[in-house]
Asker: 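Handing you this structure, nothing more for now.
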Amino acid sequence: MNNIHDMGGMQGFGAIPIEENEPVFHSEWEAKAMAITVAMGAWGRWNIDASRHARERLAPQEYLNLTYYERWIAALADLMVDRGLVTVSELQSGKPDGGATTAQPPLTADKVAAVLARGGPVLREIDTAPRFKIGDSVRTARDNPDGHTRLPRYARGRQGVITLHHGAHVFPDSNAKGLGEAPQHLYAVTFNATELWGRHASAKDSVTLDAWESYLEPA
């Protein structure tokens with residue numbers, strides 16, 4: 001999806017601040033924001049790719065004005081309303097609407113450890129042989145997708161080399177839309193920096209991305 005979240009290679013935002021000894025959370029509410037997001041995901045009303053796509057769909061002005069975990073909460077609110085778990089008036093008031101039902105079963109404290117331990121594994125077994133092998137030259141697609149994708153804009157239509165095969169994984173582009181897992185082979189692809197950024201980039205630098213098979217063609 002071409003939106004403000006896909007900022008790789010964009011200019012004009014200044015240097016990336018690097019914080020020494022950065023804490024996991026800068027404020028207590030950030031830890032709560034993450035806990036609420038994980039807890040709501042445990043209901044199974046959406047998957048991790050749909051959750052990412054919800055953050056990508058935030059309006060550019062809103063996206064840039066929110067902090068990292070503020071984006072999580074804004075996107076979570078959109079998902080909860082979209083899936084019928086809360087109403088806009090409930091979010092605004094902080095109280096249940098009259099006659100509102102309670103989703104069942106509740107995620108009680110005694111179930112949290114099992115939910116976290118289960119995680120969300122995406123490695124799958126498929127019958128299709130991998131199309132590429134380590135060392136193959138490939139070129140990424142020049143798609144301009146409307147929905148979720150893990151192929152960043154700056155790496156589309158670029159030539160790289162397969163450097164690792166991860167096995168088959170859930171395809172996020174379809175999973176985010178609720179169209180099924182459609183697992184594909186997943187590869188690490190290494191690009192020369194000059195291929196991505198042009199002749200002003202350092203010829204000594206490279207970038208390695210994970211790319212699903214349908215993103216790639218032989219080069």
Asker: Just how far is it from atom CZ of R57 to atom CG of N3, taken to the nearest 0.5 Å?
Answerer: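 Here the rounded value is 10.0 Å.
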Asker: Check the pair K32 / E28 against salt bridge (charged side-chain N to carboxylate O under 4.0 Å, His left out), numbers first and verdict last.
Answerer: CA-CA 7 Å; K32 292 180 179 178; E28 183 179 350; 3.7 Å; yes
Asker: So which heavy atom on L123 is nearest to which on H166, and how close?
Answerer: CD1-O, 3.8 Å
Asker: For the ring pair W212 and Y187, is the centre-to-centre distance below 6.0 Å?
Answerer: no
Asker: Do the ring planes of H148 and H53 sit parallel (below 30°), tilted (30 to 60°) or perpendicular (above 60°)?
Answerer: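 Answer is tilted, since the angle falls between 30° and 60°.
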Asker: Can you give me the closest heavy-atom contact between A42 and V115, atom names plus distance?
Answerer: CB-CG1, 3.9 Å
Asker: Run through T149, D143, T140 and flag the one making a side chain to side chain donor-acceptor pair (under 3.5 Å) with Y215.
Answerer: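 Of the listed options, the one satisfying the test is T149.
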Asker: With rounding to the nearest 0.5 Å, note down the distance linking CG in L91 to CG in D78.
Answerer: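 Answer for the CG-CG pair, L91 versus D78, is 9.0 Å.
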Asker: Nearest heavy-atom pair of E213 and F132: which atoms, and what distance?
Answerer: CG-CE1, 4.1 Å
Asker: Is Y69 reaching over with its side chain to a backbone N or O of F25, donor-acceptor style, under 3.5 angstrom?
Answerer: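 No: the side chain of Y69 does not pair with the backbone of F25.
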Asker: Side-chain donor-acceptor pairs under 3.5 Å in residues 82-89, sequence neighbours left out?
Answerer:
from : atom 1 : to  : atom 2 : distance (Å)
R83  : NE     : R45 : O      : 3.1
T87  : OG1    : S89 : OG     : 3.0
T87  : OG1    : E90 : N      : 3.1
T87  : OG1    : E90 : OE1    : 3.4
T87  : OG1    : D97 : OD2    : 2.6
S89  : OG     : D97 : OD1    : 2.8
S89  : OG     : D97 : OD2    : 2.9

Asker: When you look at CG of L107, are more than 12 heavy atoms from neighbouring residues, nucleotides or ligands closer to it than 6.0 Å?
Answerer: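 Count over threshold, so yes.
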Asker: More than 12 heavy atoms of other residues, nucleotides or ligands under 6.0 Å from CD of E19: is that the case?
Answerer: yes
Asker: Does R55 make a cation-pi contact with Y63 (under 6.0 Å, within 45 degrees of the axis)?
Answerer: no
